[in-house]
K.L.:
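One structure follows; several queries about it will come next.
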Amino acid sequence: MAKKVYVGLSGGVDSSVTAALLKEQGYDVTGVYMKNWSQDLPGFECPWKEDYQDAKRVAVQLGISFKMYDFEKEYRKEVVDYMIAEYKAGNTPNPDIMCNQEVKFKLFLNTALSDGADMIATGHYAKLSNGKMYMADNLDKDQTYFLYRVTEDALKKSLMPLGEFKTKDEVRAIAKKLGLVTADKKDSQGICFVGKVGIREFLEQYVEAKTGKIIDQNGLTMGQHDGAIFYTIGQRHGLDVGGGLPYYVSGKNMKKNEIHVTTNLDDKNLWRRQLKLTSIHIINDKKIFNTLTLNKLSVRTRYRAPLISCNFDLKTGVVDLKDEIRAVTAGQSAVFYLDGQCLGGGIIV
RNA sequence: UGGGGCGUGGCCAAGUGGAAAGGCACCAGUUUUUGGUACUGGUAUUCGCAGGUUCGAAUCCUGCCGCCCCAG
């Protein structure tokens, strides 16, 4: 009997093609739309209805069963509340990493399993094998960075067939060939499920704007901002300070509600050669960090950023980098790779 | 109120007689399943104000206003 796979259909091309491929491979496929967010925001209409419609139409086109899971409450608690709390603490969180950890590969997985599924599948660009995760063949699209906090057990029950594709064009070609309504749909951006809203517009729903000082590298007050919480390290735009050279955020003081800026691209506050991690999550056997292969270990501190050679001390959480990295930001994640395998990572303090 | 300097779009700043560079900011777009970065494009009929000289001035002259520095 065919294995039952529940595919997370977001209403985009990637998940559509994922479902199509699995069906073709003989799986008993059910498409599931996760309703995680439906609230409109100022100047931005939440696309959930449209996405839901597209997901359903794809399911109909493919002739697979379809259902919707409503995880709004949980998404709000695990992802949105986490995000707000982190911002309030002066950090810059990555909500999509949390979404994968808590919603897609925990809540969705467990719900699907108890619903009769044997496995789940998603349209992520990553390769899975026996609970191990490897970078996608399409290095431009590789999404392992967002998946490093998923557990080995969850990965063992997941499929990500798009990891084998070298280009996005091939994926779209399949969608076109099958005449799927999502074939030409633009790739989604912004916070997963919430959409392309400015982070500032989003946060303003939950925190009050408070005027504070913008101070440059010489200690001079350059102007005012509406809340240090809205800014992140390395940020250039949105400060409304002009005059000669661009200013980049080099630091912030949440207590004083001040943000520090610099025009010096080499400012030492913008470059780090060492990181300290917390909430470390290693996907498979931690012993791998004790082996001699460590000189091949590399890390990235941002999606799609080049890999940087490094050393990592699992006990202390300290990462020593071979090259300096710009605008390393507390709350963001550092993810380790060894020969194309994603080992896990941690959150930068 | 002796001497000197300055006043060009929100900011910095070229241009000193031929019909307003550039940068920052801002806006739009591209890239991107976080934030951010980067890239492309857009933005002054007008040069503190008022007169004058000139075929023609932001550029020369006069007056006024404002600011800065030195001196007293």
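Throughout, protein chains are lettered first and strands after them, A, B, ... in sequence-line order, and every chain is numbered starting at 1. Note that the coordinates shown come from a computational prediction; the quantities given were computed from them, not determined experimentally.
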K.L.:
What nucleotide, of B/rU34, B/rU37, B/rU31, holds the atom closest to the side chain of A/Arg326?
P.N.:
B/rU37
K.L.:
Report the distance from atom OH of A/Tyr247 to atom P of B/rU37, rounded to the nearest whole Å.
P.N.:
17 Å
K.L.:
Identify which nucleotide among B/rU31, B/rU37, B/rG35 has an atom closest to any side-chain atom of A/Arg304, counting heavy atoms from C-beta outward.
P.N.:
B/rU31
K.L.:
For A/Tyr148 and B/rU34, is the shortest distance between a side-chain N/O and OP1 or OP2 below 4.0 Å?
P.N.:
no
K.L.:
If the condition is salt bridge (Lys or Arg N to Asp or Glu O under 4.0 Å), which residues does A/Arg76 pass it with, not counting sequence neighbours?
P.N.:
A/Asp81
K.L.:
Let's test your reading of the pairing rules: Watson-Crick or G-U wobble, both distances under 3.5 Å, then write RNA chain B as a dot-bracket string with ( ), [ ], | and dots.
P.N.:
.(((((((.[[[..)..(...]]].(((((.......))))).....[[[[[..)....]]]]]))))))..
K.L.:
What is the distance, rounded to the nearest whole Å, between atom CD1 of A/Ile347 and atom C1' of B/rU34?
P.N.:
12 Å
K.L.:
Would you tabulate the side-chain donor-acceptor contacts of residues 83-93 of chain A under 3.5 Å, counting partners in other chains and residues two or more places apart, or write 'none'?
P.N.:
from	atom 1	to	atom 2	distance (Å)
A/Glu86	OE1	A/Asn91	ND2	3.3
A/Thr92	OG1	A/Thr232	OG1	2.7

K.L.:
How far, in whole Å, is B/rU16 from B/rC47 if one measures between their C1' atoms?
P.N.:
13 Å
K.L.:
Starting from C1' on B/rG36, measure out to CG on A/Leu265 and report it in whole angstrom.
P.N.:
15 Å
K.L.:
For B/rA20 and B/rA38, measure between their P atoms and round to the nearest Å.
P.N.:
32 Å
K.L.:
Checking contacts here: which listed nucleotide (B/rG36, B/rA25, B/rU37) is nearest the side-chain heavy atoms of A/Arg302?
P.N.:
B/rG36
K.L.:
Around atom NZ of A/Lys56, are there more than 12 heavy atoms from other residues, nucleotides or ligands closer than 6.0 Å?
P.N.:
no
K.L.:
Do we see a donor-acceptor contact under 3.5 Å between the side chains of A/Tyr303 and A/Asp96?
P.N.:
no
K.L.:
Heavy atoms from C-beta onward define the side chain here; which of B/rU30, B/rU34, B/rU37 lies closest to that of A/Tyr303?
P.N.:
B/rU34
K.L.:
Kindly indicate whether the side chain of A/Ser333, heavy atoms from C-beta on, has any atom under 4.5 Å from the side chain of A/Tyr145.
P.N.:
yes
K.L.:
Quick one: the side chain of A/Gln332 and the base of B/rU34, do they pair up donor-acceptor inside 3.5 Å?
P.N.:
yes
K.L.:
Under a 3.5 Å threshold, yes or no: a donor from one side chain and an acceptor from the other, between A/Gln274 and A/Asp320?
P.N.:
yes
K.L.:
Picking from B/rU30, B/rU34, B/rA38, which would you name as closest to the side chain of A/Tyr145?
P.N.:
B/rU34
K.L.:
Please state the C1' separation for the pair B/rC67 and B/rU34 - nearest whole angstrom.
P.N.:
48 Å
K.L.:
When the P atoms of B/rU43 and B/rG5 are compared, how many Å lie between them, rounded to an integer?
P.N.:
37 Å
K.L.:
Report the residues that fulfil salt bridge (Lys or Arg N to Asp or Glu O under 4.0 Å) with A/Arg272, sequence neighbours left out, ordered by chain and then residue number.
P.N.:
none
K.L.:
Phosphate oxygens OP1/OP2 of B/rU31: is one of them under 4.0 Å from a side-chain N or O of A/Lys168?
P.N.:
no
K.L.:
Look at the side-chain N and O atoms of A/His237 and state whether any lies under 4.0 Å from the OP1 or OP2 oxygen of B/rG36.
P.N.:
no
K.L.:
With rounding to whole Å, what would you report as the distance between B/rA58 and B/rU8 at their C1' atoms?
P.N.:
7 Å
K.L.:
Need to verify one output field. Residue with the more 5' nearest nucleotide on RNA chain B, A/Asp140 or A/Leu245?
P.N.:
A/Leu245
K.L.:
Starting at the 5' end of RNA chain B and moving along, which residue's nearest nucleotide shows up first, A/Pro246 or A/Met83?
P.N.:
A/Pro246
K.L.:
What string of B, S and - do you get for nucleotides 8-15 of chain B 5' to 3' if you count protein non-hydrogen atoms under 4.0 Å?
P.N.:
--BBS---
K.L.:
When you check the phosphate oxygens OP1 and OP2 of B/rC24, does a side-chain N or O of A/Arg236 lie under 4.0 Å from one of them?
P.N.:
yes
K.L.:
Hey, does A/Tyr87 reach any base, or is it just sugar-phosphate, or nothing, if we go heavy atoms under 4.0 Å?
P.N.:
sugar-phosphate
K.L.:
Starting at atom CZ of A/Arg300, determine the distance to atom C1' of B/rU34, rounded to an integer number of angstrom.
P.N.:
15 Å
K.L.:
Cut-off 3.5 Å, no hydrogens considered: what does the side-chain donor-acceptor table look like for residues 13-20 of chain A, sequence neighbours left out?
P.N.:
from	atom 1	to	atom 2	distance (Å)
A/Asp14	OD1	A/Tyr125	OH	2.8
A/Asp14	OD1	A/Lys168	NZ	3.0
A/Asp14	OD2	A/Lys168	NZ	3.0
A/Ser15	OG	A/Ser10	N	3.0
A/Ser15	OG	A/Ser10	OG	3.2
A/Ser16	OG	A/Gly12	O	2.6
A/Ser16	OG	A/Thr182	OG1	2.8
A/Thr18	OG1	A/Asp14	O	2.8

K.L.:
Taking B/rG56 as the reference, what is the distance to B/rG52 when you measure between their C1' atoms (whole Å, please)?
P.N.:
15 Å
K.L.:
Rounded to whole angstrom, note down the P distance from B/rC61 over to B/rG18.
P.N.:
16 Å
K.L.:
Expressed as a whole number of angstroms, how long is the span from A/Phe146:CZ to B/rG36:P?
P.N.:
13 Å
K.L.:
When the P atoms of B/rA21 and B/rU46 are compared, how many Å lie between them, rounded to an integer?
P.N.:
15 Å
K.L.:
Return all side-chain donor-acceptor pairs below 3.5 angstrom for residues 214-222 of chain A, not counting sequence neighbours, or 'none' if the list is empty.
P.N.:
from	atom 1	to	atom 2	distance (Å)
A/Asp216	OD1	A/Asn218	N	2.8
A/Asp216	OD1	A/Gly219	N	3.0
A/Asp216	OD1	A/Leu220	N	2.9
A/Gln217	NE2	A/Thr263	OG1	2.9

K.L.:
A/Phe105: what forms a ring pair (Phe, Tyr, Trp, His ring centres under 6.0 Å) with it, not counting sequence neighbours?
P.N.:
A/His124
K.L.:
Applying salt bridge (Lys or Arg N to Asp or Glu O under 4.0 Å), can you list everything that pairs with A/Arg326, at least two apart in sequence or on another chain?
P.N.:
none
